[in-house]
Undergrad: 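Here it is, the structure, as structure tokens.
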Amino acid sequence: MSSAGHGYAGAPLAGPNPGARSETWLWIAQRASAALLGLCVLVHLVTIIYAVRHGLSGEAILARTRGNGVALAFYMLYVLAIAVHAPIGLRTLCHEWLGWRSASLNWFIAALALALFAFGLRAGWAVFLAPV
Amino acid sequence: MKMLHVSVWRGGAGGEYRSYEVPRQESQSVLDVVTYIQRNIDPTLSYRFACRVGMCGACAMTVNGVARWTCRTHVAKVVKDDAIQIAPLANFPVVKDLVTDMREFFDKWARARGQFVPCATRRDAFAQVAADSPGRVAANAGIECIGCGVCYASCDVVSWNPDYLGPAALNRAWTLVNDVRDGARRERLAAVAGDAGCHACHTHLSCSERCPKDITPTASIAGLKRAVAVAALKGEL
């Protein structure tokens, strides 16, 4: 076996690792969004439990969210964290479970991220602008 | 005489288990059992060993479904109903019987930039590395690996992603990342990033559970993830 191509004895290795930077940034994005989700899910659950335990009606909830900039900002952040976190995890699942590793997967994942963000924005915006 | 019922993998990847009866002895290791079969029952049985005392790592096999050093595994520890099953290491191509092909395993050490790259010349003074410096302590935790392949055979990620560098190669990279004398940190971090590298680890901890040297490759891989992330944030990747 020749040393060339195997990197033995300090010989050059089989070329650079092209995905290193992008994969690392995806990993950072997923970890950062996970940290954000940890906080957002907690606030969201407390909100749900509060609403249920106080028997708030749909109208009573909308009365609190209507024109509420803080609630809108919070849910925008929540939606952003979901739109970043979930597609990256799903991409890894597609790699490992389906063996789907082509460029088409990245397009699918990007579309999924945009869809999650758009639907989330629409929902947050709807309760912000809810008609009286 | 009490007999041990031993089921041993014979042939290549498409082989099968064959049964042997081996006299049970006190303080008998699994390697003793394999050696008995080869010397007294079937001399065509192929297996690998060298030191017999847990120094070389050559005799690693799958014993009752678990990767182990056979020289350091007493039969009494693993026997069930007077029977044991012995197979080649998982995740390695089988050459014949209990012998596996280690080439890909060690090529991955090279792909993970597992070579020390000196950055001083003979005119420089010796590097002084304090025994309690953080880098030295981190390197110490992983430095005793002897490349037996038990962690690699136990890793689920290797089994479903053949490109994954594996716990041993990444652990080696981590010891060098912490070596202040090494001059290839940047290239090494780039080599171990990505879905064939440290980011593929699912932290199942099988490698750390099974390592006969009590090394924790999972911690080394976690260290690489942090170091790679810091390098990316600094624009050094």
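For clarity, every value in this text was computed on a predicted model and none was experimentally measured.
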Undergrad: If I take atom NZ from residue B:Lys225 and atom CD1 from residue A:Ile28, how far apart are they, to the nearest 0.5 angstrom?
TA: 12.5 Å
Undergrad: Under the salt bridge (Lys or Arg N to Asp or Glu O under 4.0 Å) test, which residues partner B:Arg181, sequence neighbours left out?
TA: B:Asp179
Undergrad: Closest heavy-atom contact between B:Ala193 and A:Thr24?
TA: CB-OG1, 3.5 Å
Undergrad: Report, by ascending residue number, the residues of residues 74-107 of chain A in heavy-atom contact with chain B at a distance under 4.5 Å; give 'none' if the set is empty.
TA: A:His95, A:Glu96, A:Arg101
Undergrad: Taking only heavy atoms into account, what residues of residues 206-221 of chain B are found under 4.5 Å from chain A?
TA: none
Undergrad: Please indicate whether A:Phe119 has more than 12 foreign heavy atoms, meaning atoms of other residues, nucleotides or ligands, lying under 6.0 Å from its CZ.
TA: no
Undergrad: Should we say atom CZ of B:Arg52 is surrounded by more than 12 heavy atoms from elsewhere, each under 6.0 Å from it?
TA: no
Undergrad: Around atom CD of B:Gln128, are there more than 12 heavy atoms of other residues, nucleotides or ligands at under 6.0 Å?
TA: no
Undergrad: What residues of residues 226-237 of chain B make heavy-atom contacts with chain A at a cutoff under 4.5 angstrom?
TA: B:Val228, B:Ala229, B:Ala232, B:Leu233, B:Leu237
Undergrad: Please look at B:Asp195 and chain A and tell me whether the side chain, the backbone, both or neither of the residue comes under 4.5 angstrom of a heavy atom of that chain.
TA: both
